[in-house]
Colleague: 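First, the structure itself, so that you have it in front of you.
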Amino acid sequence: VVATTGDYEYDYYVAGVPNTGTALEFSLAINGVRPASGAHEYRSNFSATGGDVLVVRGEGIIHLTAGDSVTLRNRTLSGTDTVDVTNVPPGGEAGANVSLTLKRLN
């Protein structure tokens with residue numbers, strides 16, 4: 001939940017395995033609602049083989065009002081697909097598989 005109204009830079013990262021061998025797709029949601037027309041929504045590369053670990057990164061600037069709730073929403077196959085983010089990422093070292101950061105700019 002945002003404490004101060006202003007413009008914010010956001011960055012998010014997800015490394016995971018979709019159930020269906022498709023690209024990962026994630027979006028910001030403000031107060032539970034995804035912005036219109038796919039704004040702030042990003043995709044990974046396409047997985048030709050089920051079980052591949054994929055990475056999606058999103059970044060941008062968004063105006064938020066004090067009290068707004070910001071969440072990261074799974075949009076893989078319109079949000080009906082589950083994504084396993086507990087697998088060890090490529091390279092074999094366990095690490096943060098999901099992150100979302102907000103930085104107030106003004």
Colleague: Apart from Ile61 itself, which Ile, Leu, Val, Met, Phe, Trp or Tyr residues share its cluster (side-chain heavy atoms under 4.5 Å, direct or through members)?
Modeller: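 Joined to Ile61, directly or through intermediates: Leu105.
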Colleague: Taking the side chain as every heavy atom from C-beta outward, state whether Thr65 and Ile30 have any atom pair closer than 4.5 Å.
Modeller: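 Answer no - side chains too far apart.
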Colleague: Please tell me if the side chains of Leu72 and Val14 come closer than 4.5 Å, counting only heavy atoms from C-beta onward.
Modeller: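 Yes, their side chains come closer than 4.5 Å.
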Colleague: Can you find a heavy atom in the side chain of Tyr13 that is under 4.5 Å from one in the side chain of Val98?
Modeller: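 Side chain of Tyr13 against side chain of Val98, heavy atoms only: no contact under 4.5 Å found.
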Colleague: Would you compute the distance between atom CG of Asp68 and atom CD1 of Ile62 and round it to the nearest 0.5 angstrom?
Modeller: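 It is 8.5 Å, given to the nearest 0.5 Å.
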Colleague: Check whether any side-chain heavy atom of Arg104 lies under 4.5 Å from a side-chain heavy atom of Asp7, and answer yes or no.
Modeller: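 The answer is no, as the side chains (C-beta and beyond) never meet within the 4.5 Å cut-off.
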Colleague: Less than 4.5 Å apart, side chain to side chain, heavy atoms only: is that true for Val55 and Ser44?
Modeller: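 The answer is no, as the side chains (C-beta and beyond) never meet within the 4.5 Å cut-off.
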Colleague: Go through the structure and list residues passing side chain to side chain contact (heavy atoms under 4.5 Å, CB included) with Thr101, not counting sequence neighbours.
Modeller: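 Listed in chain order: Asp11.
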Colleague: To the nearest 0.5 angstrom, please state how far the CD atom of Glu41 sits from the CD atom of Glu25.
Modeller: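 Between atom CD of Glu41 and atom CD of Glu25 there are 4.0 Å.
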Colleague: First locate atom OG1 of Thr22, then atom CZ of Arg43, and finally report the distance between them rounded to the nearest 0.5 Å.
Modeller: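 One gets 6.5 Å once the value is rounded to the nearest 0.5 Å.
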Colleague: Between OH of Tyr10 and CG of Leu100, what distance do you get to the nearest 0.5 Å?
Modeller: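 So the OH of Tyr10 and the CG of Leu100 are separated by 10.0 Å.
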Colleague: May I ask you to check whether His63 and Tyr8 place their ring centres under 6.0 Å from each other?
Modeller: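 That pair fails the under 6.0 Å test.
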